[in-house]
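No experiment lies behind these values; they were computed from the predicted model shown. Along the sequence shown, residues carry numbers from 1.
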Amino acid sequence: MTRSHPHPHSLPHPSRRALLGGAALTAFAVATGAGTANAATGTKTATSTGGTTAGGDGAGGGTWPTEFPLPNGFLPEGIAIGRKPYAYMGSRANGAIYRTDLRTGEGGILFAGGTGLIAVGLKLDHDGLLYVAGNTGVARTHDSRTGEVVATHQLTEPTGHFINDVTLLGDRAWFTDSRAAALYGVPRGRTGTVKTLPLTGDWVQLPDVNNANGIVGTPDGRALIVVKSTPGELYNVNLKTGHATKITLIGATNVVNGDGLYRIGGTLYVVQNRLNLISVFHLNSKATTATLTGTITNPNFDVPTTAARFANRLYLVNARFTSPQTPETTFTGVAVPI
């Protein structure tokens with residue numbers, strides 16, 4: 001892992017993240033086996049060339065894996081972790097959910113998925129319910145113990161929308177739509193009415209690209225922070241009105257290719273997928289400015305998309321958007337210390 005401090009120059013602008021169609025993905029078979037994890041041993045190191053971080057920095061006294069395998073062809077994008085050391089990851093191929101024991105790196109299929117299903121962003125609630133963004137206008141709720149689907153919410157029409165990520169705030173799970181200027185609030189639990197929150201204010205929806213992507217609550221719990229992947233902006237969204245205020249970035253020109261967000265107190269982690277980078281920001285008290293305090297990279301990153309935390313590590317999945325997306329393509333999860 002490499003940490004660096006803010007650089008005065010702007011980040012490069014790679015090509016935008018491709019939106020993969022559900023029809024092509026559902027044909028991919030998802031294997032149920034898991035390979036052998038690469039255990040971390042030795043001493044923590046960090047070099048300017050991105051040397052592998054090994055041991056001493058993670059849960060379990062540095063003996064837990066810093067990289068673990070997912071089934072070939074799984075097409076991961078989302079990851080969720082709760083109070084126990086288990087990561088839940090969703091498949092863009094057929095909506096399957098894979099669960100990994102972070103202590104060993106071993107895992108298996110929790111939910112087999114099905115034709116036409118997709119799983120992108122995920123969040124695990126304290127009651128064991130797992131909220132899943134389903135891309136084609138759909139949000140699902142699963143029982144994280146059995147994998148069973150306990151609720152399905154059709155948030156929008158199936159086409160022309162991309163239900164991408166989710167966060168838990170207050171009494172709702174809030175979902176982003178990368179192809180429409182709105183957020184959707186699904187009641188936490190098994191029943192309730194979905195709330196649609198149109199985005200207004202500074203928000204300008206751009207055509208034919210991914211707009212709203214990752215989402216987290218503000219430190220005071222009164223608003224939402226949304227990353228706009230293109231052109232790479234952060235917004236503070238009022239929960240009552242949907243008014244979006246662009247967050248002023250200090251020390252960074254943009255967060256281009258911003259994907260998953262994770263926040264710990266006033267520290268915001270922005271995963272910039274095709275840059276193989278996590279940008280670390282300090283939020284002011286009202287979450288109207290974000291000051292770049294450093295970046296995190298790792299040689300095991302291969303287009304990481306979203307992040308979840310356990311102990312003093314962030315765990316990410318490598319979506320490998322720049323590699324062939326076939327049933328034989330290998331995929332991994334990666335841990336970095338924070």
Treating [X] as the side-chain partner and [Y] as the backbone partner, does any N or O pair qualify as donor plus acceptor under 3.5 Å?
| X | Y | value |
| --- | --- | --- |
| Asn284 | Ala287 | yes |
| Lys123 | Val166 | yes |
| Tyr98 | Gly107 | yes |
| Thr293 | His282 | no |
| Glu67 | Pro65 | no |
| Glu233 | Val226 | no |
| Lys228 | Lys246 | no |
| Ser144 | Gly128 | yes |
| Ser178 | Ala212 | yes |
| Asp177 | Phe162 | yes |

Gap separating the [atom1] atom of [X] from the [atom2] atom of [Y], nearest 0.5 angstrom:
| X | Y | atom1 | atom2 | value |
| --- | --- | --- | --- | --- |
| Thr218 | Asn236 | OG1 | CG | 6.0 Å |
| Tyr184 | His161 | OH | NE2 | 5.5 Å |
| Thr176 | Asn211 | OG1 | CG | 10.5 Å |
| Asp165 | Leu183 | CG | CG | 11.0 Å |
| Ile215 | Leu224 | CD1 | CG | 4.5 Å |
| Glu148 | Asp143 | CD | CG | 6.5 Å |

Using a 4.5 Å cut-off on heavy atoms from C-beta on, say whether the side chain of [Y] contacts that of [X].
| X | Y | result |
| --- | --- | --- |
| Thr241 | Thr200 | no |
| Tyr86 | Asp101 | yes |
| Arg274 | Val303 | yes |
| Thr295 | Val280 | no |
| Pro231 | Leu206 | yes |
| Phe301 | Val336 | yes |
| Ile264 | Ile338 | yes |

**Report entry** Qualifying residue for side-chain hydrogen bond (donor to acceptor under 3.5 Å, both in side chains) with Asp259, from Thr306, Thr305, Asn273
**Finding:**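 Output: one option passes, namely Asn273.
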ILVMFWY cluster, [X] and [Y] together (side-chain gap under 4.5 Å):
| X | Y | answer |
| --- | --- | --- |
| Leu239 | Val194 | no |
| Trp174 | Tyr235 | yes |
| Met89 | Phe310 | yes |
| Leu110 | Val149 | yes |
| Ile109 | Ile79 | yes |

Requested in this report: Kindly indicate, with the supporting measurements, whether the criterion side-chain contact (heavy atoms from CB on, under 4.5 Å) is fulfilled by Ile81 and Leu102.
Outcome: CA-CA 10 Å; Ile81 301 173; Leu102 300 177; 3.9 Å; yes
Report task. Determine the sole option in Thr141, Leu168, Leu129 for which the side chain to side chain contact (heavy atoms under 4.5 Å, CB included) test with Arg188 is passed. Result ->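 That would be Leu168; it is the only one of Thr141, Leu168, Leu129 passing the side chain to side chain contact (heavy atoms under 4.5 Å, CB included) with Arg188.
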Using a distance-only test with no angle check, is there a side-chain donor-acceptor pair under 3.5 angstrom linking [X] and [Y]?
| X | Y | result |
| --- | --- | --- |
| Asn318 | Thr332 | yes |
| Arg179 | Asn210 | yes |
| Asn213 | Asn164 | yes |

Requested in this report: Verify side-chain contact (heavy atoms from CB on, under 4.5 Å) between Thr289 and Phe281, making sure each step is shown before the conclusion.
Outcome: CA-CA 9 Å; Thr289 67; Phe281 291 91; over 6 Å; no
**Report entry** Atom NZ of Lys286 with >12 non-hydrogen neighbours under 6.0 angstrom
**Finding:**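 Result for NZ/Lys286: open.
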Query - Arg222 atom CZ: more than 12 heavy-atom contacts under 6.0 Å - result: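 Counting other residues, nucleotides and ligands, CZ of Arg222 stays at 12 neighbours or fewer.
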Query raised in the report: Could you go step by step and tell me if Thr100 and Tyr315 meet the side-chain contact (heavy atoms from CB on, under 4.5 Å) rule?
Result: CA-CA 11 Å; Thr100 292; Tyr315 287 85; over 6 Å; no
Query raised in the report: Can you list the steps and then say if Tyr262 with Ile278 is a side-chain contact (heavy atoms from CB on, under 4.5 Å)?
Result: CA-CA 10 Å; Tyr262 196 86; Ile278 304 172; over 6 Å; no
